[in-house]
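Here the structure is laid out as structure tokens; the discussion comes afterwards.
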Amino acid sequence: MKEEEGQLLFTEDLSAGFEVVAGAKSPYTIKKGSMGFYILRVEP
């Protein structure tokens, strides 16, 4: 897998759905105090 093939998604509220984190590069650093849910989606 190449870095540009992955997509990082984030939400603070699971009922609201996930949004793409624009400009996320590997390794991705989460700001201290950020709470939520992340998904790394890899395109086949």
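Atom CD of E19 and atom OG1 of T11 lie 7.0 Å apart (nearest 0.5 Å).
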Given L9 and Y38, is the side-chain contact (heavy atoms from CB on, under 4.5 Å) satisfied, shown in steps? CA-CA 6 Å; L9 297 100; Y38 289 87; over 6 Å; no

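By the criterion of side-chain heavy atoms lying less than 4.5 angstrom apart, applied directly or through intervening Ile, Leu, Val, Met, Phe, Trp or Tyr residues, V20 is grouped together with L14 in one hydrophobic cluster. Under the 4.5 Å side-chain heavy-atom criterion for Ile, Leu, Val, Met, Phe, Trp and Tyr, I39 and V42 are members of distinct hydrophobic clusters.
Taking all atoms of both residues into account, the shortest heavy-atom contact from F37 to F18 is O-CE2, 3.5 Å. Scanning both residues, E12 and M35, for their nearest heavy atoms gives CG-O, 3.6 Å.
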